[in-house]
Amino acid sequence: MKIYNTMSGKKEDFIPVAPGAVGMYACGITVYDHCHIGHARSAIIFDVMRGYLRYKGFEVKYIRNFTDIDDKIINRARQEGISWNEVAKKYTDEYYNVMDTLGVGRADVEPKATEHIKEIIDIVQGLIDKGYAYEMQGDVYFEVGKFSDYGKLSNRDPEDMMAGARVDIDERKKNPMDFALWKSSKEGEPSWDSPWGPGRPGWHIECSAMSLKHLGESFDIHGGGADLIFPHHENEIAQSEAYTGKPFAKYWVHNGFITVDKEKMSKSLGNFFTIQDILAKFDAEVIRFFLLSTHYRSPIEFSDEQLKEAELSIDRYYTTAVRIRDFLTRDHSRDRTCAEESVLEDMVGKFLDRFKAAMDDDFNTALAIGHIFELIRIVNKYIDGGPSGKKSVGLIKSSYDLLRESGNLLNIFWRTPEQWYNILKDIRNIGFSEEYIVAKIEERRKSREAKDWAASDSIRKELEEKGIILEDKKDGTSWKVKI
RNA sequence: GGCGGCGUACCCAAGUGGCUAAGGGGGAGGUCUGCAAAACCUUUAUGCAGCGGUUCAAAUCCGCUCGCCGCCUCCA
């Protein structure tokens, strides 16, 4: 399989450091505020990558960290009048809450910066000992000029950056590009004892410490949002490789941004949508589908219209799921073949290879989803052809299994159609209970039997006005929510 | 200023050298239906921002131009 590597700027064949095993580290969040949809994108795509690698037979160890000590957390604690660790806990809990709802699995290890202070101090001391870092009045800085490969990930020349550095010049630094490994703490700030006095870790060092501890000196995949390429990941590389003398991560994987009116969604622009806000209007599965229907490296424009399209696509799947179920519960005592049989047979034979080829090509979930809908169309066409008998049942069952298997890999299509329609009914605040709808369907059935079309149509109209659509089929009438 | 990305139909979105440019939504027409809905069929890009070039062959590679965006400061 191929994975795009930010380091080389190309898709590369994926060859893990140790055959058959994959070590993977994704930068998580700083727990100081609500999660927005951009955090969801990152979490979902790395979760899908982990799952797919496992499906391919790799033994995956996946680490995703929490930054639970940081200036932003300290500031937030002041604002809210609670302690910094209460802030961290509050937003960590919230993170789990929304990610669980979105169907994002837990990583194998979810380390926190504050649980790795000892490891961090060891690395900082090691970097000082090796001459890559220096201490100034309780702060320790990494000396960028000492690491000749600095800039190799983000493709920058340190000379150019110095010229345009907009960073506040800290006189204590030897060079404006130098970054903090350890920060001395002021009175009343959280701190840990260290050889340089009380302080706390700098932002980048925790990831070096935690990946080293849980994955070793060299591992396979390191990822995060594209905004982490510089300086965060660049600095991680510098620290880690200077410290161990070994290559750090082999493949650097970065997801693209979510945009609003073409601009990056961000806190400073105030154009962000929290996951909780979106979940009030759309189901978790819709959000997942929306995020996976574009390749992970491309920007995605966020809007209600886009989410509605995703909702419609998922509804198409569940509509087909109902048709499949209806088909399988029909009488199949007579064998009847139809013209579309060979087309479906062909598709069933090829589907999984196509799906895997898409995912093998740098996790092309958008293409993979395209294949799913192609299968859906062919299945519908086949059912329209009116086949029956053992062979047709086998073909439809195989098709359904393929839809489930591919859906599982993306963690979509996991509900029953009834769950899906009820979720839609609730999320849109349609006032009718399911019992009421069923009673109305029965009432309408009697009208239709008596060929009282006026009465029958008025019932259908009443429900439709509230967003409930009735579908008449051979073996009865079913309801669904109008999208 | 340095570095990078993007521009594919009415909308979203795959495709990065060679079959008729996936898939979804929308529009138009049709089949089915008591009427609908759903499903299916036909149709909707001789063309992939524009202009040159390389090649037997380019949306796909190269150059230039235009437009949009990102990183260089915390950021998924």
Side-chain angles (χ1 to χ4, degrees), chain A residues 6 9 11 26-30 32-33 35-46 70-72 151 154-157 159-161 163-168 177 203 223-232 234 254-259 262-269 272 289-290 293-295 297-301 303 305-306 308-316 319-320 322-323 340 354 358 361 364-385 448 451-454 456-457 460-461 464 469-473 477-480 482-483:
Chain A
T6 306
K11 280 184 202 169
C27 287
I29 57 161
T30 301
Y32 78 105
D33 204 350
C35 291
H36 66 239
I37 180 92
H39 297 110
R41 184 179 199 187
S42 193
I44 287 171
I45 191 64
F46 287 104
D70 169 271
D71 290 351
K72 292 193 291 292
S154 54
N155 193 22
R156 280 155 220 257
D157 182 345
E159 300 290 327
D160 294 340
M161 282 188 284
R166 284 188 276 151
V167 199
D168 289 339
M177 294 304 299
W203 174 35
D227 43 8
L228 297 180
I229 295 170
F230 189 90
H232 186 236
E234 196 70 70
H254 294 98
N255 63 273
F257 301 125
I258 293 180
T259 58
K262 300 255 179 177
E263 281 186 313
K264 180 189 172 186
M265 185 183 287
S266 73
K267 290 272 166 70
S268 46
L269 285 168
F272 62 92
F289 188 94
F290 162 68
S293 60
T294 297
H295 185 86
R297 281 189 283 117
S298 304
I300 304 186
E301 173 73 10
S303 69
E305 286 65 37
Q306 300 270 54
K308 276 179 196 152
E309 277 210 15
E311 195 172 55
L312 205 53
S313 293
I314 293 171
D315 197 66
R316 180 163 161 78
T319 301
T320 302
V322 170
R323 299 188 88 219
E340 286 76 17
R354 286 195 189 179
D361 185 11
N364 194 338
T365 55
L367 181 58
I369 286 172
H371 293 325
I372 289 176
F373 281 94
E374 212 173 337
L375 175 59
I376 284 176
R377 193 186 70 241
I378 291 172
V379 165
N380 277 319
K381 190 172 175 175
Y382 178 70
I383 291 175
D384 278 358
R448 293 184 74 217
K451 296 210 189 309
D452 183 351
W453 307 127
S456 149
D457 288 351
R460 189 168 62 196
K461 198 167 173 228
E464 189 176 352
I469 303 271
L470 297 186
E471 293 187 3
D472 296 327
K473 306 180 207 173
T477 298
S478 61
W479 66 273
K480 62 187 285 184
K482 187 179 181 179
I483 300 271

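Letters A, B, ... are given to chains in the order of the sequence lines, protein chains preceding strands, and every chain is numbered from 1.
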J.: Look at N155(A) and G4(B) and indicate whether a side-chain polar atom (N or O) is within less than 4.0 Å of OP1 or OP2.
T.: yes
J.: Which whole number of Å gives the distance between the P atom of U54(B) and that of A14(B)?
T.: 32 Å
J.: Over all heavy atoms of both residues, which pair between A368(A) and A358(A) is shortest? Give the atoms and the distance, please.
T.: N-CB, 3.7 Å
J.: For H39(A) and for R460(A), find the nucleotide of RNA chain B with the closest heavy atom, then tell me which residue's nucleotide is more 5'.
T.: R460(A)
J.: Using a cut-off of under 3.5 Å, enumerate the N/O to N/O pairs linking the protein to nucleotides 67-71 of chain B.
T.:
unit_1 : atom_1 : unit_2  : atom_2 : d
C71(B) : OP1    : K264(A) : NZ     : 2.9
C71(B) : O2'    : R156(A) : NH2    : 3.0

J.: Over 60° means perpendicular and under 30° means parallel, so tell me whether F373(A) and F289(A) are parallel, tilted or perpendicular.
T.: perpendicular
J.: Among residues at least two apart in sequence or on other chains, which ones pass side chain to side chain contact (heavy atoms under 4.5 Å, CB included) with E374(A)?
T.: M347(A), R354(A), H371(A), R377(A)
J.: Using a strict cut-off of less than 4.0 Å between a Lys/Arg side-chain nitrogen and an Asp/Glu carboxylate oxygen, indicate whether D361(A) and K11(A) qualify as a salt bridge.
T.: yes
J.: Please measure how far the C1' atom in U60(B) lies from the corresponding atom in C48(B), and state the result in whole Å.
T.: 10 Å
J.: C32(B) C1' sits how many Å from E471(A) CD, rounded?
T.: 13 Å
J.: Going by the rule side chain to side chain contact (heavy atoms under 4.5 Å, CB included), which residues pair with I229(A) if we only count those two or more places apart in sequence or in a different chain?
T.: T6(A), L153(A), S154(A), A226(A), H254(A)
J.: One pair to check against side chain to side chain contact (heavy atoms under 4.5 Å, CB included): H295(A) and T365(A). What are the steps and the verdict?
T.: CA-CA 6 Å; H295(A) 185 86; T365(A) 55; 5.9 Å; no
J.: Under 4.0 Å between a side-chain nitrogen and a carboxylate oxygen: does that hold for D384(A) and K381(A)?
T.: no
J.: Classify every nucleotide of nucleotides 16-30 of chain B by which part a protein heavy atom approaches to under 4.0 Å, writing B for the base, S for the sugar-phosphate alone and - for neither, in 5'-to-3' order.
T.: ------BSBS-----
J.: So, taking the atom named CD in Q306(A) and the one named CD1 in I300(A), what distance separates them when rounded to the nearest 0.5 Å?
T.: 8.5 Å
J.: Quick one: NE2 on H39(A) to CD1 on I29(A), what's the gap to the nearest 0.5 Å?
T.: 6.0 Å
J.: Kindly compute the distance separating CD1 (I383(A)) from CD (E340(A)), expressed to the nearest 0.5 Å.
T.: 11.5 Å
J.: Between H36(A) and I258(A), is there a side-chain heavy-atom distance shorter than 4.5 Å?
T.: no
J.: Whole angstroms only, please: what is the CZ-C1' distance between R448(A) and G34(B)?
T.: 8 Å
J.: Distance criterion of 3.5 Å, no angle test: do you see the side chain of D384(A) paired donor-to-acceptor with the base of C41(B)?
T.: no
J.: So does E309(A) get a backbone contact from the side chain of S313(A), meaning a donor-acceptor N/O pair under 3.5 Å?
T.: yes
J.: Looking for any heavy atom pair under 4.0 Å, which part of the strands does H295(A) touch: base, sugar-phosphate only, or nothing?
T.: sugar-phosphate
J.: Measuring only the C1' atom in each nucleotide, how far is A9(B) from G1(B)? A whole number of Å is fine.
T.: 39 Å
J.: Would you mind reporting whether T477(A) and R460(A) have side-chain heavy atoms less than 4.5 Å apart?
T.: no
J.: How is G256(A) classified with respect to the nucleic acid when contacts are heavy atoms under 4.0 Å: base, sugar-phosphate, or nothing?
T.: base
J.: Using atom C1' in both nucleotides, what's the gap between G4(B) and C40(B) to the nearest angstrom?
T.: 46 Å
J.: Could you give the distance separating C66(B) and G50(B) at their C1' atoms, to the nearest angstrom?
T.: 7 Å
J.: If the P atom of U43(B) is compared with that of A21(B), how far apart are they to the nearest Å?
T.: 13 Å
J.: Dot-bracket for RNA chain B, 5' to 3', counting Watson-Crick or G-U wobble pairs under 3.5 Å, with [ ] for crossing pairs and | for inter-strand pairs?
T.: ((((((((.[[[..)..(....]]]((((((.......))))))....[[[[[..)....]]]]])))))))....
J.: Side chains of K264(A) and D227(A): does their closest heavy-atom pair fall under 4.5 Å?
T.: yes
J.: For the pair made of CD1 in I483(A) and C1' in A37(B), what is the distance, rounded to whole Å?
T.: 13 Å
J.: Between P on A37(B) and CG on D315(A), what's the gap in Å once rounded to a whole number?
T.: 15 Å
J.: Taking CD from E311(A) and P from C12(B), how many angstroms apart are they, rounded to a whole number?
T.: 19 Å
J.: L228(A) side chain: which of C35(B), A14(B), A76(B) is closest?
T.: A76(B)
J.: Between the protein and nucleotides 42-44 of chain B, which nitrogen or oxygen pairs come in under 3.5 angstrom?
T.:
none

J.: For the side chain of K381(A), starting at C-beta, report the closest nucleotide among C12(B), C40(B), A14(B).
T.: C40(B)
J.: Suppose you measure atom P in C10(B) against the same atom in C6(B); what distance do you get, rounded to whole Å?
T.: 23 Å
J.: Give the rounded distance in Å between these two atoms: NZ of K473(A) and C1' of G34(B).
T.: 19 Å
J.: Working to the nearest 0.5 Å, report the span between CG of N380(A) and CZ of R316(A).
T.: 6.0 Å
J.: Would you say that E471(A) contacts W479(A) through its side chain, given a criterion of any heavy-atom pair below 4.5 Å between the two side chains?
T.: no
J.: Taking the P atom of each, how far is C61(B) from U8(B), in whole Å?
T.: 16 Å
J.: Choosing from A39(B), C35(B), A14(B), which nucleotide comes nearest the side chain of N380(A)?
T.: A39(B)
